[in-house]
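Quick note on labels: first sequence line is chain A, next is B, and so on, each numbered from 1.
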Protein chains: 2
Amino acid sequence: MKTYETSDEEKKFFAGYDLTKYDRPSVAADVVVFSVMKDDECKDVRRLQEKKLKILLIRRGGFPYKGCWAMPGGFCKKGEDVIDSARRELCEETGIDDAYVKLVGVYGEPGRDPRGWVISSTYMALMNARACHLKAGDDAQDARWFTVELTDVSTEMSGAGGHSVNEMSTKVSGTGEEIVKNEDEASRKVQNEKRYRLVLKDADSDIKLTAVLRRTDMSSCGRSSDSYDIEECEGLAFDHARIITEAVLGLREDVRRDMKLAFDLLPERFTLTELQNVYEQIWDMELTTPNFRRKIAEYVEETDAYQAGERYRPAKLFRRRTDVR
Amino acid sequence: MKTYETSDEEKKFFAGYDLTKYDRPSVAADVVVFSVMKDDECKDVRRLQEKKLKILLIRRGGFPYKGCWAMPGGFCKKGEDVIDSARRELCEETGIDDAYVKLVGVYGEPGRDPRGWVISSTYMALMNARACHLKAGDDAQDARWFTVELTDVSTEMSGAGGHSVNEMSTKVSGTGEEIVKNEDEASRKVQNEKRYRLVLKDADSDIKLTAVLRRTDMSSCGRSSDSYDIEECEGLAFDHARIITEAVLGLREDVRRDMKLAFDLLPERFTLTELQNVYEQIWDMELTTPNFRRKIAEYVEETDAYQAGERYRPAKLFRRRTDVR
DNA sequence: GGAATAGTGTCTTTTAGACAGTATTCA
DNA sequence: TGAATACTGTCTAAAAGACACTATTCC
């Protein structure tokens, strides 16, 4: 950043100026950490070989929300950009310092933190689980990976059900009236309501966190002119259920726009089946293999290596192409 | 938001707790206000009938960056969510209180504001120029709409030119070595560099603001794991050249993902030609009319009204469909 | 009628989706 | 050999793009 040049007149201004006269919030940087991994110590008899999409949560040892689970994060330090605070917190927790990190949202609703005025700037991070080493709990800190299930339950819930469409006077034709009126402009805004159920599970400890969110989507669309309400919440601290929901929805969209993002969730070399599984986990849907491979071909390149140690035909290992936009 | 319940033990904790012991930043909410409108008082002889994409800027009357142009914005107040601060500033400036508002980014780079530690949470707003009434300058405030030109000048500038691709040992085949190595993992990260020229013009006053930005896109992609450098800047305050650039790039992407966003830039009724022009302005490209109309058909519905006062065949007026997702 | 813009029909190309099939490995 | 997964070829449907065409209004 260029240094700012100051005139004498301006120096005088700054001398008498004090930003700290005004009310200021505390600013936190929180991170929704995504990865894909197996439920290794799976207690069930049925084998779940597929890797699951997971997020990292930490059990709060102190007030407020003592005992609840929260995203890793902490307060921003002076002299540090907000995203760098997020990266610092991320690295302290996982040892990873070069993850893909992207802004999810800014959360400053009054009352969201009982300690006072705290604004959270929340980021999502994508990382390869293999490279990640969770911090050895210094203060008996409990950090765990939770599987993520986010489903749209709009139709099965209360209300008129479904998309509660505004059915309005769509055609008043035949009047011969040709003059443009502005009267009903406001009332023609689209309003849409959706309900999501978020379920986070840790297979090891049988911990299950759940929440139900109501999203009211005013005006046109886009993921950010909406408002969210937490209707139910079990075991998650603060408004983190809402933030995690937005992060998961954001991840789905981001990966749809740019499939290359998924590479950040895998080690450098991977089989195409593993890669396909990542997209299936993120989008919560099955893909047909031949079509998927045709689509992904432009982003990957073969290596000479093959997967080892599997029970059947070994798959060729691929890696991302570095020469493609 | 649900109220938080407090135990006696927890009450004791809060009594001894003081967030304000720690360093806190000032938090500002700034807004990149977009609209489309004609250069009405066009001085040139050639007629430019097309409406242009414009942003609203305000001339700074005081230090710092006195005389430079900046986005509307101001400090957040306690008891107000950050996006609501943005809406409040927007309404004070334009009289519009129901615009589409969406987060662009959080800017907290040390040194970005010479007054001290100021974090800007920046939003974009889309509005219909007709409904907007600029604030009558209470302190001789100067607010103007500037046309936006943002062009990729990567190839015509210094450096190796173009996308500076990492051409690495893509195939070392023939060695028979089948063991997966992790050594070069870090060095295989994609790194891309782009250069943008931002030109903002006000036809009335012949004011022209320019900047050149360098964007280094680390890791995979996505608009937010990148870093921006302001290489040149004429007449824009703070880091607003960078923020405006990100907002314009974001708008292009957002509208590509959801074409319905463009309706927020127009009055309730519009001709399809006007609508097409909006997309052409945003994406800085020409669209072919028949294909555009086929694409947009699902989002609009006819009205009985026709455009009036034009020199040739009057066009039918349409409006957005409110019953479509 | 001419100028200018509004609006349509249809062909081609590209992309996405469905699905049947072959190939290779281990036990 | 069979079980299980890896991988491919090809048909079909849908979306995007190109482009020539007709229609309506004002002057």
Side-chain angles (χ1 to χ4, degrees), chain A residues 38 46-51 178 180 252 255-260 262 266 269-280 282-319 324-325, chain B residues 38 46-51 178 180 252 255-260 262 266 269-281 283-319 324-325:
Chain A
K38 286 185 200 164
R46 64 188 164 88
R47 302 200 48 166
L48 275 179
Q49 270 298 0
E50 282 184 333
K51 292 183 177 183
E178 309 276 83
V180 179
R252 285 180 183 171
V255 173
R256 206 165 283 283
R257 191 172 51 235
D258 180 11
M259 293 189 72
K260 295 190 297 307
L266 287 173
R269 291 166 200 238
F270 46 80
T271 69
L272 294 185
T273 304
E274 286 173 327
L275 184 58
Q276 180 175 340
N277 177 245
V278 171
Y279 295 101
E280 291 178 333
I282 291 171
W283 293 329
D284 194 25
M285 65 184 291
E286 294 199 338
L287 304 177
T288 59
T289 307
N291 302 336
F292 168 73
R293 289 184 178 218
R294 188 180 23 181
K295 179 85 178 165
I296 207 70
E298 59 175 315
Y299 304 119
V300 298
E301 63 192 17
E302 287 184 16
T303 67
D304 297 326
Y306 285 82
Q307 186 186 43
E310 288 302 320
R311 292 161 302 172
Y312 303 107
R313 175 177 174 182
K316 184 163 277 194
L317 292 176
F318 286 74
R319 61 182 177 188
V324 80
R325 254 240 65 80
Chain B
K38 287 185 198 162
R46 63 189 162 89
R47 304 199 46 164
L48 277 179
Q49 271 298 358
E50 283 184 334
K51 292 184 176 183
E178 309 276 82
V180 179
R252 286 179 184 173
V255 173
R256 207 167 281 283
R257 191 170 54 235
D258 180 10
M259 292 190 73
K260 294 189 298 306
L266 288 173
R269 291 164 199 239
F270 46 81
T271 69
L272 294 185
T273 304
E274 285 172 326
L275 185 58
Q276 180 175 341
N277 177 246
V278 170
Y279 295 102
E280 292 178 332
Q281 292 298 318
W283 294 330
D284 193 25
M285 65 185 291
E286 293 199 338
L287 304 176
T288 58
T289 307
N291 301 337
F292 169 74
R293 290 185 176 217
R294 188 178 26 180
K295 179 85 180 166
I296 207 70
E298 58 175 316
Y299 304 118
V300 297
E301 62 192 17
E302 286 185 15
T303 68
D304 298 325
Y306 286 82
Q307 185 185 45
E310 288 302 319
R311 292 161 301 173
Y312 304 106
R313 175 179 174 180
K316 183 162 279 194
L317 292 176
F318 286 74
R319 60 181 177 188
V324 81
R325 253 239 67 80

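- What separates CH2 of A:Trp283 from C1' of C:dA16 is a distance of 13 Å, to the nearest Å.
- Taking B:Arg252 as the reference, B:Leu150, B:Val248, B:Leu249, B:Ile282, B:Trp283, B:Asp284 meet the side chain to side chain contact (heavy atoms under 4.5 Å, CB included) condition, with sequence neighbours excluded.
- Applying the 4.0 Å criterion to OP1 and OP2 of C:dA6, one finds that B:Thr273 has a side-chain N or O inside that range.
- Partners of B:Lys295 according to the side chain to side chain contact (heavy atoms under 4.5 Å, CB included) rule, which considers only residues two or more places apart in sequence or in another chain, are B:Met259.
- Atom CD of B:Gln307 and atom P of D:dT25 are 13 Å apart (whole Å).
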Using the side-chain contact (heavy atoms from CB on, under 4.5 Å) rule, take A:Phe292 and A:Thr289 through it: C-alpha gap first, then chi angles, then the decisive distance, then the call. CA-CA 5 Å; A:Phe292 168 73; A:Thr289 307; 5.6 Å; no
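- Taking atom CG of B:Leu287 as the reference point, atom C1' of C:dG7 lies 16 Å away to the nearest angstrom.
- What separates CZ of B:Arg256 from P of D:dA16 is a distance of 12 Å, to the nearest Å.
- Between the side chain of A:Arg313 and the base of C:dA23, at least one donor-acceptor pair of N or O atoms lies under 3.5 Å.
- Heavy-atom distances under 4.0 Å link DNA chain C to A:Pro290, A:Asn291, A:Arg294, A:Lys295 of residues 289-298 of chain A, given in residue order.
- When each of B:Thr271 and A:Tyr312 is assigned the nucleotide of DNA chain C bearing its nearest heavy atom, the one mapping closer to the 5' terminus is B:Thr271.
- The side chain of B:Ala315 has C:dG7 as its nearest neighbour among C:dG7, D:dT25, D:dA6.
- A side-chain donor-acceptor contact under 3.5 Å links A:Gln276 to the backbone of A:Leu287.
- Residue B:Tyr279 contributes atom OH, which lies 15 Å from atom P of D:dG17 at whole-angstrom precision.
- If you take NZ of A:Lys316 and P of D:dT8, they are 9 Å apart, rounded to a whole angstrom.
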Go through the steps for B:Gln281 and B:Lys51 under the test side-chain contact (heavy atoms from CB on, under 4.5 Å), then give the verdict. CA-CA 8 Å; B:Gln281 292 298 318; B:Lys51 292 184 176 183; 5.8 Å; no
